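A quick write-up on the structure given underneath.
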Amino acid sequence: MNAADAALPRSFFERDALAVAPELLGKVLVRRAPEGTRAGRIVEVEAYRGEDDPASHAFRGPTPRTRTMFGPAGHLYVYFSYGMHWCANVVCAPPGQAAAVLIRALEPIEGVEAMTAARPGARRPVDVANGPAKLCEALGITGVDDGADLVVGDRAIQVLDDGTPAPDAPGVGPRVGISVAVDHPWRWFDAGSPFVSRAPARSAVTRA
DNA sequence: CTTTGGATCGTCT
DNA sequence: GACGATCCAAAGG
């Protein structure tokens with residue numbers, strides 16, 4: 001984290017989630033706390049849209065749980081999954097539309113020791129934040145952080161641009177863990193990063 | 001290496 | 001009452 005690191009403007013998020021998602025690769029998700037700062041570079045994301053996306057929590061209109069998704073862009077949408085995990089999204093789209101980008105994996109870059117300590121189950125360094133629930137545990141993100149404004153950092157959680165460009169040719173593929181709309185290639189990841197939640201498709205790799 | 005099943009509970013039908 | 005935008009350990013090849 002350097003002084004030159006800049007928060008992304010609201011306008012960055014007020015666009016189609018399909019446009020925002022790949023551009024989020026390379027950005028930094030930061031959590032500041034009295035005990036120290038924890039941060040990771042975003043290496044994997046998935047886009048979820050609104051009424052035209054059956055896999056999206058916003059598909060059936062606003063509910064108490066998804067109200068953040070229907071709110072202003074640039075906020076954090078955190079939901080509880082499988083009775084034990086938290087997952088974090090960045091709310092996108094112009095006002096009036098509901099969409100979000102799920103952060104699926106991070107490369108730990110600051111407060112690595114604290115992140116690792118927060119994940120006793122991680123066997124290897126790459127396992128600390130290579131999954132949507134894992135990164136929330138590593139950064140200490142829970143339901144109380146739902147609604148945090150990532151642009152102004154009102155709750156010490158932000159998405160920063162440290163000058164690192166998004167990958168020129170990111171990996172693309174279907175979203176993970178869904179049972180509908182499985183044909184949409186709305187998952188993007190840094191194909192060269194060992195910190196993604198799943199390795200690139202084996203079929204696409206030519207063996208020497 | 002891949003596959004399978006258990007954990008665990010809020011949310012929406 | 002069923003089902004997850006998951007993770008992990010254990011069992012099978």
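Each chain gets a letter, A, B and so on, in the order its sequence line appears, and its residues count up from 1. The structure presented is a predicted model; accordingly, all values stated were derived computationally and were not measured.
- Arg31(A) contributes a side-chain N or O that, together with a main-chain N or O of Gly140(A), makes up a donor-acceptor pair within less than 3.5 Å.
- Going from atom CD1 of Ile178(A) over to atom P of dG4(C) covers 11 Å, rounded to whole Å.
- If you take CZ of Arg123(A) and P of dA9(C), they are 5 Å apart, rounded to a whole angstrom.
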(request) Could you walk me through whether Trp86(A) and Phe80(A) pass ring-ring contact (aromatic ring centres under 6.0 Å, His included), step by step? (result) CA-CA 5 Å; Trp86(A) 298 101; Phe80(A) 194 49; 4.7 Å; yes
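- Here the P atom of nucleotide dC9(B) and the CH2 atom of Trp86(A) are 12 Å apart, to the nearest Å.
- Rounded to whole Å, the distance from CE on Met69(A) to P on dA5(C) is 12 Å.
- The shortest distance between the side-chain N/O atoms of Arg124(A) and the OP1/OP2 oxygens of dC8(C) is not below 4.0 Å.
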(message) Please convert DNA chain C into dot-bracket. A pair counts if it is Watson-Crick or G-U wobble with both distances under 3.5 Å; crossing pairs go in [ ] and bases paired with another strand get |.
(response) ||||.|||||||.
Nucleotide N/O of nucleotides 10-12 of chain B paired with protein N/O under 3.5 Å:
from, atom 1, to, atom 2, distance (Å)
dC12(B), OP1, Thr63(A), OG1, 2.2

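- One atom, OH of Tyr48(A), and another, C1' of dT6(C), lie 12 Å apart when rounded to the nearest Å.
- Arg198(A) places its CZ atom 13 Å from the P atom of dC8(C), with the value rounded to the nearest Å.
- Nearer to the 5' terminus of DNA chain C, by closest-nucleotide assignment, is the contact made by Gly177(A) (compared with the other of Gly177(A) and Ala122(A)).
- Looking at the side chain of His85(A), the nearest of the listed nucleotides dC8(C), dT6(C), dA7(B) is dT6(C).
- Residue Arg104(A) places at least one side-chain N or O closer than 4.0 Å to OP1 or OP2 of dT6(C).
- Of all nucleotides listed (dG4(C), dT8(B), dT6(C)), dT8(B) comes nearest to the side chain of Met84(A).
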